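Have a look at the structure below before the remarks.
This is a predicted model, so every value here is computed, not measured. Every number for a ligand or one of its atoms is a count from 1 in the order of the listing. What you see below is based on every heavy atom in this structure, not just the backbone, and it leaves out hydrogens, waters and symmetry mates.
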Amino acid sequence: MFTLAHLSDPHLAPLPAPRWRELIGKRATGYINWQRRRRFIHDPAVLAKIVADLKAQAPGHIAVTGDIANIALPEEFTRGRAWLESLGNPTDVSFVPGNHDAYVPEAGVLADRAWRPFMSEDNETAGFPYARRRGPLGLIGVSTGVPSPPFFATGLIGNEQLAALALTLDELKAEKLFRVVLIHHPPVSAAARHKRLIDAHILLHVIAEHGAELVLHGHDHLHMINWLDGPNGTRVPAVGVPSASAAWGMSKDAAAYNLYAIGGAPGAWTCEMISRGIGAAGAVMQQRRLKLFG
Ligand SMILES: [Fe+2]
C-alpha cells in the first residue's frame with residue numbers, strides 16, 4: 001500500500017511588503033484584493049496545523065497543486081521554497097504552479113529559479129509535463145499557470161504540453177503504473193468563466209483517449225469530485241481540495257487535505273481517499289473516507 005497526500009493553494013501569508021515599483025498592473029489590483037479580503041481567509045496558523053497533521057501521517061509522497069504565492073512578489077518565491085522544503089525533500093514532494101504563481105509575466109522565471117527541484121523529472125529535466133515514478137505511482141505534473149489580465153484567474157495547458165501529456169500517459173500505462181495527473185485548475189468546474197481552464201475540453205479528450213487513474217487539482221478552494229470519462233467505459237476521478245490555509249467559516253470550504261491509500265495492480269487497483277481538515281474548534285480531524293476503486 002502506498003500513501004499519497006494532496007494539498008493545494010496554501011497562499012502563504014502574511015504577504016511580504018511590496019515596493020511601490022512592484023505594484024503595477026495586475027499586482028496592484030491583487031494587492032488591494034489581498035488587503036481587503038484574502039488576508040482574512042488565508043491563515044498561516046491554519047496552514048501550519050494542516051502541514052503538521054499531514055506529516056504525522058507519514059505519507060510516501062506529497063503532491064502540491066499550486067498557488068503558493070498571492071501576487072508573485074520575488075520574496076513570495078523565496079518563502080515558497082522554504083515552505084516546500086518544510087514539507088520534505090524535492091524527491092518526496094511534487095509541485096505544479098497555479099495562476100497566482102504565474103501572476104505576472106516575470107513570475108515564470110522566479111518560480112523556475114526557486115522551485116525547480118520540486119517540479120522536474122527524476123533526471124532533473126525541467127519543463128511540463130514532468131513524470132516521476134514513486135512506488136506504484138506515475139506522477140505527471142501539468143502546468144496551467146499563465147499570466148492573465150487583472151480580475152482573471154484563467155489557466156491554459158497549451159497544445160504542446162497536451163500532446164506531451166498524451167504520450168506520457170501512454171508511457172506510464174505501459175510501465176503498469178497508477179497514473180496521477182497533478183494540475184492546478186480543475187478539468188470540470190462550476191466556477192465562473194473568468195476562473196476557468198481555457199483548454200479543459202482538450203484535456204478531457206486526452207483523458208478519455210489515453211486514460212489516467214486519478215486527477216488531483218486545487219484552484220476552486222472546495223472539496224470536489226468529478227468522474228471523467230476514460231477509455232473503454234472506465235471512469236477517472238478528478239478530486240479537488242480546499243485551500244490548505246483557509247480559516248474555518250471565512251471562505252468556501254475550510255482548510256483540508258486528502259490522503260490516498262493505493263494498492264492492487266493494473267486492472268485491479270484499489271484506492272481509498274481520506275479527507276482530513278480543520279473543524280470549527282480549530283483542530284484537524286478526519287472528515288471523510290471514500291473508496292474510489294476496489
Ligand atoms: Fe488559489
Side-chain angles (χ1 to χ4, degrees), residues 6-16 26-27 29-44 46-47 50-51 54 62-73 76-77 79-80 83-84 87 94-104 107-108 110-111 115 118-119 141-157 182-198 200 215-224 226 238-248 250-258 275 277-278:
H6 172 221
L7 74 167
S8 197
D9 298 76
H11 291 288
L12 296 187
L15 197 67
K26 182 157 170 145
R27 277 198 189 124
T29 51
Y31 183 69
I32 293 166
N33 193 16
W34 175 263
Q35 292 295 350
R36 278 196 187 154
R37 196 175 65 85
R38 298 175 69 98
R39 73 189 166 109
F40 302 109
I41 297 170
H42 299 291
D43 182 344
V46 168
L47 179 62
I50 289 285
V51 169
L54 183 154
I62 301 174
V64 188
T65 49
D67 279 5
I68 286 178
N70 296 291
I71 58 172
L73 295 166
E76 292 189 82
F77 293 91
R79 292 187 190 181
W83 182 76
L84 283 169
L87 291 180
S94 295
F95 176 76
V96 291
N99 49 298
H100 282 265
D101 306 311
Y103 213 63
V104 289
L110 297 171
W115 303 340
F118 296 88
M119 48 182 202
V142 172
S143 175
T144 57
V146 286
S148 61
F151 309 111
F152 278 74
T154 43
L156 184 76
I157 307 172
L182 310 178
I183 184 166
H184 178 68
H185 287 77
V188 176
S189 170
R193 271 181 70 75
H194 70 275
K195 294 184 175 176
R196 76 191 193 283
L197 176 60
I198 290 167
V215 177
L216 302 180
H217 67 80
H219 190 58
D220 286 9
H221 297 193
L222 292 172
H223 283 291
M224 291 164 66
N226 283 284
V239 189
V241 276
S243 157
S245 61
W248 197 89
M250 283 301 296
S251 174
K252 301 162 180 176
D253 287 339
Y257 70 95
N258 289 334
S275 297
I278 204 115

TODO: Using 2.8 Å as a strict upper limit, say whether an N, O or S atom of H11 approaches the Fe ion (ligand 1) that closely.
DONE: yes
Open item on the list: Would you say the Fe ion (ligand 1) has H221 as a near neighbour, meaning an N/O/S atom of that residue under 2.8 Å away?
Closed with: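 So H221 counts as coordinating the Fe ion (ligand 1), yes.
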Task: D9 atom (N/O/S) at minimal separation from the Fe ion (ligand 1) - done: OD2
TODO: Taking the Fe ion (ligand 1) as the reference point, name the nearest N/O/S atom of D67.
DONE: OD2
- [ ] Applying side-chain contact (heavy atoms from CB on, under 4.5 Å) between W34 and each of T29, I41, L15, report the one that passes.
- [x] L15
Would you be so kind as to tabulate the donor-acceptor pairs closer than 3.5 Å made by side chains of residues 215-224, with sequence neighbours excluded?
unit_1, atom_1, unit_2, atom_2, d
H217, NE2, G240, N, 3.4
H219, ND1, N99, OD1, 3.1
H219, ND1, H184, NE2, 3.0
H219, NE2, A153, O, 3.4
H219, NE2, K195, O, 2.9
D220, OD2, S189, OG, 2.5
H221, NE2, D9, OD2, 3.0
H221, NE2, H11, NE2, 3.3

TODO: Taking the side chain as every heavy atom from C-beta outward, state whether H194 and F151 have any atom pair closer than 4.5 Å.
DONE: no
Open item on the list: Please report the interatomic distance CG(L47) to CG(L12), rounded to the nearest 0.5 Å.
Closed with: 6.5 Å
